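In what follows, chains are A, B, ... by sequence order, proteins preceding strands, each numbered from 1. Computed from a predicted structure; not experimentally measured. As a basis for the values below, the full set of heavy atoms in this structure was taken, side chains included, without hydrogen atoms, waters or symmetry mates.
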Amino acid sequence: MMDLNLDAPHSMGTTIIGVTYNGGVVLGADSRTSTGMYVANRASDKTTQLTDNVYVCRSGSAADSQVVSDYVRYFLHQHTIQLGQPATVKVSANLIRMLAYNNKNMLQTGLIVGGWDKYEGGKIYGIPLGGTVVEQPFAIGGSGSSYLYGFFDQAWKENMTKEEAEQLVVKAVSLAIARDGASGGVVRTVIINSEGVTRNFYPGDKLQLWHEELEPQNSLLDILNAAGPEPMAI
Amino acid sequence: MEQNRGPIGQRQRCSSGLTTKKSSPPPPILLRSNQKMSSIGTGYDLSVTTFSPDGRVFQIEYAAKAVDNSGTVVGIKCKDGIVMAVAGLAADGRQIVARAKSEARSYESVYGDAVPVKELSERVASYVHLCTLYWWLRPFGCGVILGGYDKDGPQLYMIEPSGISYRYFGAAIGKGKQAAKTEIEKLKLSEMTCKEGVIEVAKIIYKLHDEAKDKAFELEMSWICEESKREHQKVPDDLLEEAKTAAKTALEEMDAD
């Protein structure tokens, strides 16, 4: 089992998504953290809180993305105190970008920042590897996102409702999990709007089955003990 | 001395032309011997790091005198706009303005967004206060009226030599500040547009000047409002002329009474 390489750095193969809708944003992610071929954590939470109104989806190196999030959370906390009001999504994204860009040689993490503030409403900012920051109506990232570009080109539309947006995100993560070996587990979503934050959880075995996907099996015992196929009738 | 851009206010220039000349505070020793004022420094006023027995820091009070002896500067926040002005030692003023620009630039480069007026005024105030903490630095001899337009709309702040900074609807510093404040309080600022404000402020300055017993003066005004596209600019010449005329007429009507 040479492929296992348990000493490989923890990376989050990942599928992460951020989508704006009419009134806020929905962030979504899978939950697989891999160390080489071994799944170190099958239920990780890749959507991390920066402030009350801003969250970030992490991909790439687990360590790097955690440390960047921690620094930015700290800076934003101070900033909020000085400002006397919640930080804006734009400022949060810029702080992340500062770290990502200035340390580009040492970091390997792609992030999607999403949140709601009273000036701009719901906003999504994508911050890929080099440290660019791009404001987008929706953003996808992580290894699983490769399989979603065409899907979003077709399925994305402006001014969706909250329910439509969340369904889109869950569907997309689920599709990516089906095709990307480095993504898996459960789907976690975070909805952020003027009213606050709502976290949702979609267990992996409850997701819709796509083409050629098999029913999830919990245990070999269930298969062995199941009644065999009926004998053919002639 | 392009520093002294009046807010929606103006700046009164004394006949000497430079407010600096008139505003340097007399050295403490002379002040003591001329004592007509209520405060006596006697040894407690030699350094900004010394408190007097009654809890005052005289050097800071003397710095405020520098401002009080200079031309009046007035700023008001109308429902749609404002601006920055400096009264006092011009060189000090320049330093503060440079610092303000630098703070604004630095905020923008770190946070990626324009600096909120509140944050900028706090940073400037903090810098002014810094210079009241060490014996090798002297306090700034100038007050600043800072106005700006950010996401939360137009806001007006005033920073004194002590480092105090508050937000105001209307503020005045310099020679005629008491009279100016009285006049400002008569105005209904929340219902006034900047255009109307320009005229009102001109009237106030003309009125004050009368009482100040100075010779000629020059009125300069600048503003930030929707009309100036949310950017600081000198009040357009035609409006300025209109304001001056209206002010002179108002004065004559007063005299005629």
Side-chain angles (χ1 to χ4, degrees), chain A residues 50-54 56 68-104 111-128 130-136 139 194, chain B residues 77 79-82 84 96 99-130 133 144 146-159 162-169 171 224-226 229-231:
Chain A
L50 294 180
T51 70
D52 288 344
N53 55 318
V54 181
V56 63
V68 168
S69 304
D70 286 348
Y71 267 113
V72 174
R73 189 180 309 118
Y74 168 65
F75 295 141
L76 281 174
H77 186 209
Q78 289 186 323
H79 182 62
T80 305
I81 290 172
Q82 279 179 298
L83 235 47
Q85 59 186 38
T88 58
V89 192
K90 187 177 191 190
V91 163
S92 313
N94 257 290
L95 288 174
I96 295 225
R97 180 269 294 256
M98 289 267 99
L99 286 171
Y101 178 76
N102 290 327
N103 298 292
K104 58 162 74 192
L111 300 156
I112 295 179
V113 179
W116 183 96
D117 60 61
K118 70 181 185 197
Y119 300 107
E120 300 280 336
K123 286 284 176 190
I124 293 284
Y125 292 86
I127 303 158
T132 24
V133 64
V134 185
E135 200 254 297
Q136 302 166 291
S194 58
Chain B
K77 167 187 142 27
K79 63 181 181 193
D80 61 339
I82 2 149
M84 177 160 176
I96 292 193
R99 180 77 188 201
K101 284 186 190 167
S102 154
E103 292 283 4
R105 247 195 318 269
S106 126
Y107 180 96
E108 187 152 351
S109 84
V110 170
Y111 295 102
D113 213 0
V115 61
V117 192
K118 172 175 187 274
E119 178 72 20
L120 182 62
S121 76
E122 276 172 12
R123 289 188 179 202
V124 171
S126 178
Y127 179 64
V128 170
H129 178 244
L130 179 81
L133 293 174
V144 173
L146 191 158
Y149 214 128
D150 66 20
K151 285 189 291 219
D152 293 311
Q155 291 156 65
L156 183 71
Y157 287 83
M158 183 164 84
I159 302 148
S162 55
I164 291 178
S165 158
Y166 285 117
R167 187 174 166 186
Y168 292 88
F169 286 107
I224 295 187
C225 53
E226 290 297 339
K229 299 192 191 74
R230 298 198 181 185
E231 278 174 8

A.B. asks: With rounding to the nearest 0.5 Å, note down the distance linking CG in A:Leu83 to CD in B:Glu122.
C.D. replies: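 Taking CG in A:Leu83 and CD in B:Glu122, the distance rounds to 9.0 Å.
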A.B. asks: Quick one: sort the A:His79 and B:Tyr111 rings into parallel, tilted or perpendicular, breaks at 30° and 60°.
C.D. replies: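 Parallel: the ring planes of A:His79 and B:Tyr111 meet at under 30°.
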A.B. asks: Which heavy atom in B:Lys118 sits nearest to a heavy atom in A:Gln82, and how many Å separate them?
C.D. replies: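 What the structure gives for the nearest pair is NZ-O, 3.6 Å.
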A.B. asks: If you round to the nearest 0.5 Å, how far is CG of B:Asp150 from OH of A:Tyr119?
C.D. replies: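 Reported value, rounded in 0.5 Å steps: 6.5 Å.
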A.B. asks: Which heavy atom in A:Met98 sits nearest to a heavy atom in B:Val110, and how many Å separate them?
C.D. replies: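 Nearest pair, atom of A:Met98 first, then B:Val110: CG-O, 3.8 Å.
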A.B. asks: Considering only heavy atoms, give the residues of residues 85-97 of chain A separated from chain B by less than 4.5 Å, sorted numerically, with 'none' for an empty result.
C.D. replies: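 When heavy atoms of chain B are the reference, residues 85-97 of chain A contributes A:Gln85, A:Thr88, A:Lys90, A:Val91, A:Asn94, A:Leu95 within the under-4.5 Å range.
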